[in-house]
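Right, one structure below, let's go through it.
Note on naming: letters A, B, ... go to the chains in the order of the sequence lines (proteins, then strands), and numbering restarts at 1 for each one.
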There are 2 protein chains.
Amino acid sequence: MLGLLAVGSVALDSVKTPFGEVSEVLGGSATYFATAASYFTKVGVVAVVGEDFPREHMAFLKGHPIDLEGLMITKGRTFRWRGEYGYQLNEARTLETQLNVFQQFNPQLPSNYKTAQVVFLANIDPELQLEVLLQTRSPELVALDTMNFWIGGKRAALLKVLGKVHIVIINDGEARQLVQEVNLVKVAREILKFGPKVLIIKRGEYGALLFTREAIFSAPAYPLETVFDPTGAGDSFAGGFMGHLARTKDFSMDNLRQAVILGSVMASYCVEAFSLERFRTLRLDEIMERYRGFKRLTHFDEMPNAV
Amino acid sequence: MLGLLAVGSVALDSVKTPFGEVSEVLGGSATYFATAASYFTKVGVVAVVGEDFPREHMAFLKGHPIDLEGLMITKGRTFRWRGEYGYQLNEARTLETQLNVFQQFNPQLPSNYKTAQVVFLANIDPELQLEVLLQTRSPELVALDTMNFWIGGKRAALLKVLGKVHIVIINDGEARQLVQEVNLVKVAREILKFGPKVLIIKRGEYGALLFTREAIFSAPAYPLETVFDPTGAGDSFAGGFMGHLARTKDFSMDNLRQAVILGSVMASYCVEAFSLERFRTLRLDEIMERYRGFKRLTHFDEMPNAV
């Protein structure tokens, strides 16, 4: 049985950063998510590519514990994205988006995907996210990502799907846009009113915040000297986070905290190289070593006595 | 004997934020620093005010364990600053600076200040910071703050004083400007080459990073619903940080981490009201309670076993 199901994009990215430039490399939200999650559990991908999708990229995905039965190959060209980053590396400037085969994307779940207990709806049209959810059989945990485009343009559908998911994973700009409020504590309270039990706000180089109605958990980003390409960091975060939850089936606050750190670990490795290059060599013991690095980075003692 | 000595400004601030506006309220780097530090140890202030400095503000300072022998009252008007903040509350826009009596400020240490073992040089002309250091008798720990104005305009004097201090406490923009580099890990390595053993980079709502040559510690800012006025947050941070170090006389990495959290606690209380209003009522047990809040905010368990 499939532990984790993800729907999203598989793409060819062309990316320019201050440290170099790559053309038509492997990308896409489902790609980053599934690759990161595959270190923790077997993950099924629902996505679409064109007939031009390079065999080497297919081989890369097959090299990880990723189920590709849900990856449709259809007539036409694969989804393409072109973007660049400035020296601050904090936000991509999109130069071009070619939807291509993604334009007619109509996600169909293979039968053994329908019983997946953990589901991730990457950033796609909220109407498609709803369609995917309708094909599943009451999963225990559903998480969703979205973006400014859908928040502005498909608000009604987005609010509908927000009412059906347990976890929202978005960045700070998107969270603020969603409820038209600057203060993140207030933002979180409002978003949790839409239905989700957990909100994760990704803040790039500043880490991530996890909100429930009762508690907040703050995780830093890992301080790196070599940030080559931030593309996919958010989806790699979600992959590590959801992969851990799907593997452990423990949705307690303590385990959510560990999952946030594992997500942060996967994001930190993702940005060390272009595309998914770092995941070609990344080993489980490196993931555990960086987890311990996060512990050293954030640990401080209780106060032994009153000051 | 004086535990902690601070040199800096005592000012009258006029501040506008999205939540209100105040005129000629108590402000200044030495004021915020000393008030925050006074919860941990007795602190002496070296600064200057004019004859117009309101008696109520003097009474406020005297209401805390602050030694005012070093606070000169001279002919003329007190230093004034006027600024405003936008909705993001992340950076002040300075509308007016009147140096007034601060223009002729020539810090003179009372004799019992000269043996202070812990010294904080708030953000003033690095030449004045040097003059203060020359009057001290080999303090065990000296920390310094500075700003873009001195980094750009008095670089030689600033580098000279950087070679004589143990700790630098600046914000991310200043740190990047100082060594002309974006990546904070590289920034830290370069700044530590100037002499200091410890660099603290303040990042406002994103918390603070502490760097030594061997380790990094990351602390978040406390998520608050009511940020009324960020003025003085950085100096309150420094006050809590240095106050704890002066009280404990323990400069180990473990204690530096605790000091960063106490600094973050003091900054978090500072911004809850205009001016130093929150420090009128703040109690030690509230400081300890928020320290425990930081622990809950950041704690995650070790991995029990390999994933």
Side-chain angles (χ1 to χ4, degrees), chain A residues 18 39-41 86-89 176 181-186 188-189 203 205-207 209 211 215-227 243-244 247-248 254-262 284-285 287-288 291-307, chain B residues 18 39-41 86-89 176 181-186 188-189 203 205-207 209 211 215-227 243-244 247-248 254-262 284-285 287-288 291-307:
Chain A
Y39 283 85
F40 304 91
T41 192
Y87 264 99
Q88 300 276 358
L89 290 169
R176 285 174 165 135
E181 163 66 47
V182 171
N183 181 285
L184 288 183
V185 178
K186 289 180 188 162
R189 189 184 317 123
R203 302 200 283 180
E205 65 166 316
Y206 302 113
L209 289 169
F211 294 87
I216 309 177
F217 174 58
S218 172
Y222 199 74
L224 291 171
E225 250 192 272
T226 50
V227 178
H244 177 69
R247 190 187 74 84
T248 56
D254 279 349
N255 205 45
L256 289 171
R257 289 168 183 253
Q258 292 197 330
V260 167
I261 297 300
L262 285 169
L284 209 49
D285 64 296
I287 295 173
M288 289 302 104
Y291 186 98
R292 290 187 291 273
F294 269 93
K295 197 72 196 164
R296 288 189 295 274
L297 177 65
T298 57
H299 177 77
F300 58 93
D301 295 331
E302 308 274 358
M303 271 289 146
N305 41 45
V307 295
Chain B
Y39 283 85
F40 303 91
T41 191
Y87 264 99
Q88 300 276 359
L89 291 169
R176 287 175 164 133
E181 162 66 46
V182 171
N183 181 284
L184 288 183
V185 178
K186 290 179 186 161
R189 191 186 313 125
R203 303 201 282 181
E205 65 167 314
Y206 302 113
L209 289 168
F211 294 88
I216 309 178
F217 173 58
S218 173
Y222 199 74
L224 290 171
E225 250 192 272
T226 50
V227 178
H244 177 70
R247 189 186 75 85
T248 55
D254 279 349
N255 206 46
L256 288 171
R257 289 168 184 254
Q258 292 198 329
V260 167
I261 298 299
L262 286 169
L284 209 48
D285 64 296
I287 294 172
M288 288 302 104
Y291 186 98
R292 290 187 290 273
F294 269 94
K295 197 72 196 163
R296 289 189 295 272
L297 177 65
T298 57
H299 177 77
F300 57 94
D301 294 331
E302 309 273 358
M303 271 289 146
N305 41 43
V307 293

> Are the charged groups of B/Glu225 and A/Arg189 less than 4.0 angstrom apart, N to O?
Replying inline: yes
> From A/Glu302 CD over to B/Met288 CE, what is the distance, rounded to the nearest 0.5 angstrom?
Replying inline: 11.5 Å
> What distance do B/Ser218 atom OG and A/Phe294 atom CZ have between them, rounded to the nearest 0.5 Å?
Replying inline: 9.0 Å
>> Is the shortest side-chain heavy-atom distance between A/Met303 and B/Leu262 below 4.5 Å?
In response: yes
> In terms of heavy-atom pairs under 4.5 Å with chain B, which of A/Tyr291, A/Tyr87, A/Tyr206 leads?
Replying inline: A/Tyr206
>> Can you list everything that forms a side chain to side chain contact (heavy atoms under 4.5 Å, CB included) with A/Glu181? Sequence neighbours excluded, please.
In response: A/Val179, A/Asn183, A/Lys186, A/Val187
> Can you list the residues that meet the side chain to side chain contact (heavy atoms under 4.5 Å, CB included) rule with A/Asp254, with sequence neighbours excluded?
Replying inline: A/Ser252, A/Arg257, B/Asp301
>> When you measure from the side chain of B/Gln258 to the backbone of A/Phe300, do you find a donor-acceptor pair of N or O atoms at a distance under 3.5 Å?
In response: no
> Between A/Ile216 and chain B, which part of the residue has a heavy atom less than 4.5 Å away: side chain, backbone, both or neither?
Replying inline: both
> Considering only heavy atoms, which portion of A/Leu224 lies under 4.5 Å from any heavy atom of chain B: side chain, backbone, both, or neither?
Replying inline: backbone
